[in-house]
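Heavy atoms only: backbone and side chains are in, while hydrogens, waters and symmetry mates are out. First listed ligand is number 1; within each ligand, the first listed atom is number 1.
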Amino acid sequence: MGILEKIKIYSEKNKDKIAIYSENSKNKSVTYKELWDYSDRLAFYIQNEFKDNKFPIVVYGHKDPFMIVCFLACVKSGRAYCPVDISVPDERVKDIISETKSPVIFSLEKLNFDTENVLSLDEIESIINSTNDKIDESCYVKDDDVFYIIFTSGSTGKPKGVQITADCLNNFLKWSSFLGGENLENKDYVYINQAPFSFDLSVMDLYTSLYTGGTLWCLEKAVQLNYGLLIESLKKSKANVWVSTPSFASLCLALDDFNGKNMSNIKLFLFCGETLPNSTANLLLERFPGAKVINTYGPTESTVAMTEIDVTSEVLNKYSPLPVGKPKNGTYVFIMDEKGRELPEGEKGEIVIVGDTVSVGYFNRPDITNKAFGTKTVNGTSYRLYRTGDEGYFKDGQLFYCGRIDLQIKLHGYRIELEDIENNLMKIKGIKNAVVLPVKKDGIIDSLTAFVVSESKIESSLKSMIALKKELAGFLPSYMVPKKIIFKDKIPMTNNGKVNRKKLMEEL
Ligand code: AMP
């Protein structure tokens, strides 16, 4: 059964059950029935208004439960949605709008620039309140149709849109609804949502919750930044399932009140997106004796995650770093060398994912799609294949992640192509060349430093650094703006004319 059918059943059986809760948003919550009916009416409006225009629809906002009403309305009308969080800077939002050719923009928060065909939250609500019309089920996105598009950092300086089909999402949910070894369905669980909806980690909490008839408890950015409010909200949530990046959990672990007494219902901690340090997993097991810690791995291009391991104390004692687990049913992981040859257990190579959750490629970008994607037949079935650019190996049947082959990194859970920052730095007037490097603390990437060459000599002063950072923040999300900028006369090169990143590393 697919996600829409599941939500429909809950909307009939558990009408008044809260599906999405977001305390500080305009619409605090929606029940399953409201979610179903409102999205039906909005879908009818979309179909009626835009008929044959099937371009994806941008949904801009933060954590208002009506974000999800809009997502479902788009897919019920047969269109993919593209979630964009308020943390995305204006220039990127503009890029995404023009790239997707979105016929209408559902703008639940105010956009900071003028653009055509925008519907505000008030207008969306009035559409929903002024009709009882229902969309016909025949309009829904089909199995092979794109359900959502999530834009991630792209090396050219423009984000790339990963297209996930309804089939990919449903195959992911069949697995995620059993994470931790039990069927999560009909358990009345409350799921914590930390990630903004424009990050694919949020798919794990949002749709696993809706697929299993749970309640999604959204932590808004303002709550995440205020420790008092955060602990208060977590206590109040009575959450059972936690989904976040390991970085966010370690930030919470710095607070003494983040413990099993204050959150006595927690059963599962689900992690994805970056390395789960042994220390974080260890502390969680200590502070939450009744909970399991599950490490999962995967890129947006393979629908959030596709490997899983229950990090028990035995696993913690046996492995450091921790493995990312075994692939789910329907997914096969190969370790390959540069020539695409499969490597045996124990040997390091590129992690290549083959299976039923691999994306159909990047929106409108056959060039980069062809480079990263392909097909492969396994046991007589042909699947899509994705070359992750991650390095890894198998040991004891478990997959281990070693880092990146290219210049993509993870900083506090955010996926960043260093070249994306470099290209945006070079868009700034007067900047000739730029190289961005990750700075590690205790083996974990902690910040970014940019080396910049300008047309006229600029002193490496605090003032010039602040000015440049401010300009860059106009193009990039704040987490992508390097903490430190060093002005240089020239960038060192290797013998074959490449930027000598190793040499620059020595200057950090
Ligand atoms: P994203 O598309 O934002 O989910 O980022 C995907 C990338 O995050 C992967 O290609 C890996 O480099 C990294 N990643 C995801 N999960 C893990 C994990 N459990 N451990 C280490 N790195 C991870």
Side-chain angles (χ1 to χ4, degrees), residues 83 85 87-88 148-155 159-164 168 172 176 179 194-205 243-250 269-281 293-311 315 319-328 331 333 335 348-353 357-359 361-362 368 372-373 386-393 398-418 420 438 440 443-445 477 479-480:
D85 185 69
S87 57
V88 179
Y148 66 78
I149 301 178
I150 283 188
F151 277 81
T152 69
S153 179
S155 58
K160 50 191 182 191
V162 181
Q163 305 179 95
I164 296 299
C168 288
F172 164 76
S176 71
L179 276 170
Q194 172 247 327
F197 295 122
S198 50
F199 285 90
D200 89 322
L201 178 59
S202 68
V203 168
M204 188 181 276
D205 44 79
V243 181
S244 83
T245 57
S247 291
F248 185 69
S250 51
F269 283 94
L270 305 180
F271 293 112
C272 188
E274 59 179 347
T275 300
L276 173 65
N278 286 59
S279 54
T280 306
V293 172
I294 311 291
N295 192 15
T296 74
Y297 157 88
T300 307
E301 286 85 343
S302 183
T303 322
V304 196
M306 23 54 70
T307 70
E308 171 195 12
I309 180 162
D310 183 352
V311 184
V315 170
Y319 302 110
S320 182
L322 292 168
V324 296
K326 292 185 177 169
K328 66 170 194 60
T331 294
V333 171
I335 304 296
K348 262 192 203 172
E350 182 174 18
I351 301 175
V352 176
I353 304 171
T357 55
V358 172
S359 153
Y362 301 112
I368 50 173
F373 292 88
Y386 173 65
R387 288 177 271 275
T388 61
D390 288 335
E391 193 178 48
Y393 61 92
Q398 301 283 350
L399 180 64
F400 285 78
Y401 168 85
C402 312
R404 292 290 303 175
I405 293 165
D406 57 15
L407 295 177
Q408 183 185 299
I409 57 132
K410 278 278 168 138
L411 174 64
H412 308 315
Y414 294 112
R415 169 168 158 177
I416 301 172
E417 300 268 1
L418 295 175
D420 191 355
K440 288 190 177 175
I444 290 173
I445 298 176
Y479 62 81
M480 287 176 81

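With ligand atoms numbered from 1 in the order given, ligand 1 contributes 19 (N) to contacts under 4.0 Å with heavy atoms of Asn295. Atom numbering of ligand 1 starts at 1 in the shown order; those under 4.0 Å from a heavy atom of Thr300 are 1 (P), 2 (O), 3 (O), 4 (O). Here is the list of ligand 1 atoms found below 4.0 Å of a heavy atom in Arg404: 10 (O), 12 (O). Ligand-side atoms of ligand 1 in range of Gly298: 4 (O), 6 (C), 15 (C), 16 (N), range being under 4.0 angstrom from any heavy atom.
For atom 4 (O) of ligand 1, the nearest non-hydrogen atom of the protein is Asp200 OD1, 3.5 Å. Protein heavy atom in closest approach to atom 16 (N) of ligand 1: Gly273 N, 3.1 Å.
Heavy-atom distances between Thr296 and ligand 1 reach below 4.0 Å in at least one pair. For Thr275, the heavy-atom gap to ligand 1 drops under 4.0 angstrom. Using a non-hydrogen distance threshold of 4.0 Å, Asp390 registers as a contact of ligand 1.
The minimum heavy-atom distance linking Ile353 with Ser302 is given by the pair CG2-OG, 3.7 Å. When all heavy atoms are compared, the tightest approach of Cys402 to Gly392 is SG-CA, 3.8 Å.
Ile309 contributes atom CD1, which lies 8.0 Å from atom NZ of Lys326 (distance to the nearest 0.5 angstrom). Atom OG of Ser198 is separated from atom CD1 of Ile149 by 14.0 Å, given to the nearest 0.5 angstrom.
Checked by distance only, ligand 1 and Thr152 stay at 3.5 Å or farther apart across all their nitrogen or oxygen atoms. Annotation: Lys410 places an N or O atom under 3.5 Å from an N or O atom of ligand 1; distance criterion only. At least one N or O atom of Glu274 sits closer than 3.5 Å to an N or O atom of ligand 1. The shortest N or O to N or O distance between Arg415 and ligand 1 is under 3.5 Å.
Here Gln398 pairs with nothing under the side chain to side chain donor-acceptor pair (under 3.5 Å) rule; sequence neighbours left out. Taking Asp420 as the reference, Arg92 meet the salt bridge (charged side-chain N to carboxylate O under 4.0 Å, His left out) condition, with sequence neighbours excluded.
Inter-residue side-chain proximity for Thr245 and Phe199 is flagged as unmet; no heavy-atom pair is nearer than 4.5 Å. Side-chain contact between Thr275 and Ile444 is absent, with no heavy-atom pair separated by less than 4.5 Å. The shortest side-chain heavy-atom distance between Lys440 and Ile445 falls under the 4.5 Å cut-off.
Closest heavy-atom approach to atom 22 (N) of ligand 1 within the set Tyr401, Tyr414, Phe271: this belongs to Tyr401.
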Item to check | Chi angles and distances behind the side-chain contact (heavy atoms from CB on, under 4.5 Å) call for Gln408, Arg415 | outcome: CA-CA 7 Å; Gln408 183 185 299; Arg415 169 168 158 177; 3.4 Å; yes
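Only side-chain heavy atoms of Val324 come within less than 4.0 Å of ligand 1; its backbone N, CA, C and O stay farther off.
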